[in-house]
Novice: 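Have a look at the structure that comes next, please.
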Amino acid sequence: MNLNLLAILPEALLVLLAVAILILDPLFKADSRRVNLGWLAAGGLTLILLISFLAGQPAQNELTLGGMVRFDWFAFAFKMFFIFAAAITALLMMDVDALANRAEAYVLLLAATIGMNLMAASADLVMLYLAIETTSIPLYVLAGFLTDNDKSTEAGFKYLLFGAMTSAILLYGFSLLFGFAGTTNLAAMAVSLATPTVFSLGALLLVLVGFGFKTSIVPFHFWAPDVYEGASTPIAGFLSTASKAAGFAVLLRFSLTVFPQTGSQWQYTLAVISILTMTIGNLVALAQKNIKRMLAYSSIAHAGYALIGVVAASTLGTASAVFYMMAYILTNLAAFAIVTVAGRVIGSDDLRAYDGLSRRSPYLALAMLVAFLSLAGMPPFGGFVAKLLVFAAGVEKGWIGLVIAGIINSIIGVYYYLTTLKYVYLYRMEGEDEESYPIPVSRPYAIALTVLVAGVILLGTFFAPWYDLTVKAAASLF
Amino acid sequence: MIPVSYYLALSAILFTTGMFGVLIRRNALVVFMSIELMLNAANLSLVAFSRLYQTFHGQIFVFFIMAVAAAEVAVGLALIVTIFRSKQSIDLDQMNSLKG
C-alpha cells in the first residue's frame, strides 16, 4: 500500500501547532497572553507555510494513504492558499479582544484550516465528507464565538442550521452516488457513472447543494450576508475567502474527476447558476448600506465569476479558477482587514461611517483603494488578471453568452466599489475635523495589510510565476 | 432477503420527512431532530447499498457520519443554550436581528 506521509505534512504540522498553543496557553501571563498567542499562531502558520512549501512539494501525482487523499499540485497549491489565509486571519484576530485572549479561537482556526487542506486533497467520498465537516464545525463555533453578542450567536446558529441541512443533503447525494457506483473512490466512480442516468443526475444535484453552500452560490447563498454581518470581522474574512476557496477546490476536483466528459449536463447547470450568482450578488450589493453585507454580496458575485472557469472545464478554465481564488483570497482578505481596522475605531459597519477615511488614515484609504479596485477588476491589480483569465477560458470553450454576462456584471460591480471609495476619498466627516479622529493601525494589522496589498499588486503586474503555478495545479486534474 | 429497493424507499421517506421538518417547524430543537432524520436516511441507504455490493465502505462511512452528527449537535445545542439565555426563546422566527 502506498503510504506517502509527505502528503499530509502541512496538516501534521498544523496539529502540532494547535497542540503547542493549547499547552503554552496557561503558561502565558494574563497581560501578555493576547500578544503571545497571536504571534505564536501567526508565526507558527508562516513557518508551516515555509516548511511545507520547501519540503512538501509533490514529485508526481499519486493516490496515497489508502486512496483517501491525492498528493498533487492542485491540492498543494490550495493548501498553501489556506495556510496563508489562516496566518493573515491570525494576525487580524490579535486586536479583537474577545477572540485574541482565547487560545480556543486560534485552535479552532487551525482545525478549520486542516479541514480545508483535506478538502482540497480528498479523493474519496468518506474523506471528502469528513474534511467538509472538519472545516464547517470549527467555523460554526468561530462565527458564534462572541457569546455575549446576540448578533454573533445568531450568526453562528444560522450558519450551523444552513450548514447542517445542506451537509445532510450532500450526504444523501453521496449515499446515492455510492449506490450507483458501488465505490467511494472518486476516480473509480467516474467509470461507473460514464453514462449518466436520471438518477445519477439527481444525486449530483443533491451533492451540488452541499458544494453550493460552501461556495455560497445562488440559491444557497442566504446565510452569507447574515453570517458575515454577525460574526467578528476577521472570522467573516476567513469564511468569505478560505472557506469559499475550499468549496471551489472540492467543486473543481469532484466535477472534473467524476464527470470528465465535456458537454455534460452539470456544465449547463453550473453555467445557469454562474449567471444567477453574478447577477443576484451584484444587484443586491448595490442596495447595501452595511459594508460587511456589501462585501458578502460582492463575495457571492465573485463566486459567480470563478464558476465560469469551472464551467469551461479545460486546463485553462481550471487554472483560471485557481488563479481567481488566489487573487480573491488576497483581495478580499485585504478588504476585510481594512473593515476590521476601521470598524474597531469607528464602531460601526455602516458605509457612511467611512466618510473622510482618507483624511483620517491616508495609508488605510490607499490600501482600501487597492483592494476595492482589485475587486472591481481594474488593472494593474490581481483582480483584473483573474477576471481576464476566467473570461478567456470561457471564450476558449465557446461560452460566449456566459462571458458577456460576466462582463456586464463586472461593470455593475464597479459602481458599488467606486461608491464606497467616493465616501472614503471625496466626502468629509460631519464636523470636517478628521485630523482629530485618526485611525491607528497596530503592528499586526500593518504587517497583514502590507503583505496583502503587495500581493494584490504583485499578482496583477508580475503574474507569470503565479500563473505557472495554477497551470501546474490544473494539469494535475487532467 | 429483503430487496434493496425497500430500504431505499424507507430512506427516501425518512429524508423527505426530515426535509419538511426543517422547512416547516420553527422550534430550533425540532429542526435539529429533523436534520438527524435526514442524516439517518443517508445512513440507511449507505448500509443498504453496502450490503448489496458486499463491501464495508458504506458501513464504515456510517460510523464516521454518526460521530460527525454528534459533534454537530453538540455545537448546535451550545448555541441554542446561548441564544435561549438572551432571548428566552428558541423560536427560529425570532432570530431576525440580522437582515437587510
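We name chains A, B, ... by the order of the sequence lines, and we start the count at 1 in each one.
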Novice: Go through the atoms of B:Ala12 and report whether side chain, backbone, both or neither lie under 4.5 Å from a heavy atom of chain A.
Specialist: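 For B:Ala12, heavy atoms of backbone and side chain both lie under 4.5 Å from chain A.
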Novice: Have a look at B:Thr82 and tell me which of A:Asn149, A:Leu146, A:Thr147 forms a side-chain contact (heavy atoms from CB on, under 4.5 Å) with it.
Specialist: A:Thr147
Novice: Picking from B:Ile65, B:Leu39, B:Val22, B:Thr55, which has the most non-hydrogen pairs under 4.5 angstrom with chain A?
Specialist: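 Looking at each option in turn, the highest pair count goes to B:Ile65.
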Novice: At what distance, to the nearest 0.5 angstrom, does CG of A:Leu206 lie from CZ of B:Phe15?
Specialist: 6.0 Å
Novice: Any non-hydrogen side-chain atom of A:Leu160 less than 4.5 Å from a side-chain atom of B:Phe32?
Specialist: yes
Novice: Quick one: what part of A:Ala143 sits under 4.5 Å from any heavy atom of chain B, side chain, backbone, both or neither?
Specialist: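 A:Ala143 has no heavy atom closer than 4.5 Å to chain B.
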Novice: Which label fits B:Phe49 and A:Phe178: parallel for a plane angle under 30°, tilted from 30 to 60°, or perpendicular past 60°?
Specialist: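 Ring orientation of B:Phe49 relative to A:Phe178: perpendicular.
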Novice: For A:Lys158, is it the side chain, the backbone, both or neither that has a heavy atom under 4.5 Å from a heavy atom of chain B?
Specialist: side chain
Novice: B:Ser11 versus chain A, heavy atoms under 4.5 Å apart: side chain, backbone, both or neither?
Specialist: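 For B:Ser11, backbone and side chain are both near chain A.
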Novice: For A:Phe157, is it the side chain, the backbone, both, or neither that has a heavy atom closer than 4.5 Å to a heavy atom of chain B?
Specialist: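 Answer is both: backbone and side chain atoms of A:Phe157 are under 4.5 Å from chain B.
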Novice: Heavy-atom distances under 4.5 Å only: say whether A:Phe180 touches chain B with side chain, backbone, both or neither.
Specialist: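 Backbone of A:Phe180 only, per the 4.5 Å heavy-atom cut-off to chain B.
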Novice: OG/A:Ser167 to CD1/B:Ile35 distance, rounded to the nearest 0.5 angstrom?
Specialist: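 If I round to the nearest 0.5 Å, the distance is 8.0 Å.
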Novice: For A:Ala155, which atoms come within 4.5 Å of any heavy atom of chain B: side chain, backbone, both, or neither?
Specialist: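 For A:Ala155, backbone and side chain are both near chain B.
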Novice: Do B:Ser86 and A:Asp150 have side-chain N/O donor and acceptor atoms under 3.5 Å apart?
Specialist: yes
Novice: In terms of heavy-atom pairs under 4.5 Å, which option from B:Lys87, B:Met95, B:His57 contacts chain A the most?
Specialist: B:Met95
Novice: Heavy-atom pairs under 4.5 Å with chain A: which of B:Ala41, B:Ser97, B:Ser45 has the most?
Specialist: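 Going by pairs under 4.5 Å, I would pick B:Ser97.
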Novice: Mind ranking B:Val4, B:Asn96, B:Leu8, B:Asn43 by heavy-atom pairs under 4.5 Å with chain A and telling me who comes out on top?
Specialist: B:Asn96
Novice: When you compare the side chain of B:Leu14 with that of A:Tyr172, does any pair of heavy atoms fall below 4.5 Å?
Specialist: no
Novice: Which atom names give the shortest non-hydrogen contact between B:Val75 and A:Ile137, and what distance separates them?
Specialist: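 Shortest heavy-atom separation between B:Val75 and A:Ile137 comes out as CG2-CG2, 3.7 Å.
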Novice: Could you check whether any side-chain heavy atom of B:Leu92 comes within less than 4.5 Å of a side-chain heavy atom of A:Leu161, counting everything from C-beta outward?
Specialist: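 Side chain of B:Leu92 against side chain of A:Leu161, heavy atoms only: contact under 4.5 Å found.
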Novice: For B:Leu46, is it the side chain, the backbone, both or neither that has a heavy atom under 4.5 Å from a heavy atom of chain A?
Specialist: both
Novice: Mind ranking A:Gly156, A:Gly179, A:Gly144 by heavy-atom pairs under 4.5 Å with chain B and telling me who comes out on top?
Specialist: A:Gly179
Novice: Tell me, do A:Val126 and B:Ile60 make a side-chain contact under 4.5 Å, heavy atoms counted?
Specialist: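 No; the side chains remain at least 4.5 Å from each other.
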Novice: Is the backbone N or O of A:Ala164 less than 3.5 Å from a side-chain atom of B:Glu72, with the two atoms forming a donor-acceptor pair by type?
Specialist: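 No.
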Novice: Roughly how far apart are B:Arg85 CZ and A:Asp148 CG, rounded to 0.5 Å?
Specialist: 12.0 Å
Novice: Counting only heavy atoms from other residues, nucleotides and ligands, does the tally under 6.0 Å from CG of B:Leu23 exceed 12?
Specialist: yes
Novice: Would A:Ile169 and B:Met19 count as a side chain to side chain contact (heavy atoms under 4.5 Å, CB included) if you check the C-alpha gap in whole Å, the side-chain angles of each, and the deciding distance to 0.1 Å?
Specialist: CA-CA 9 Å; A:Ile169 297 173; B:Met19 190 81 195; 3.7 Å; yes
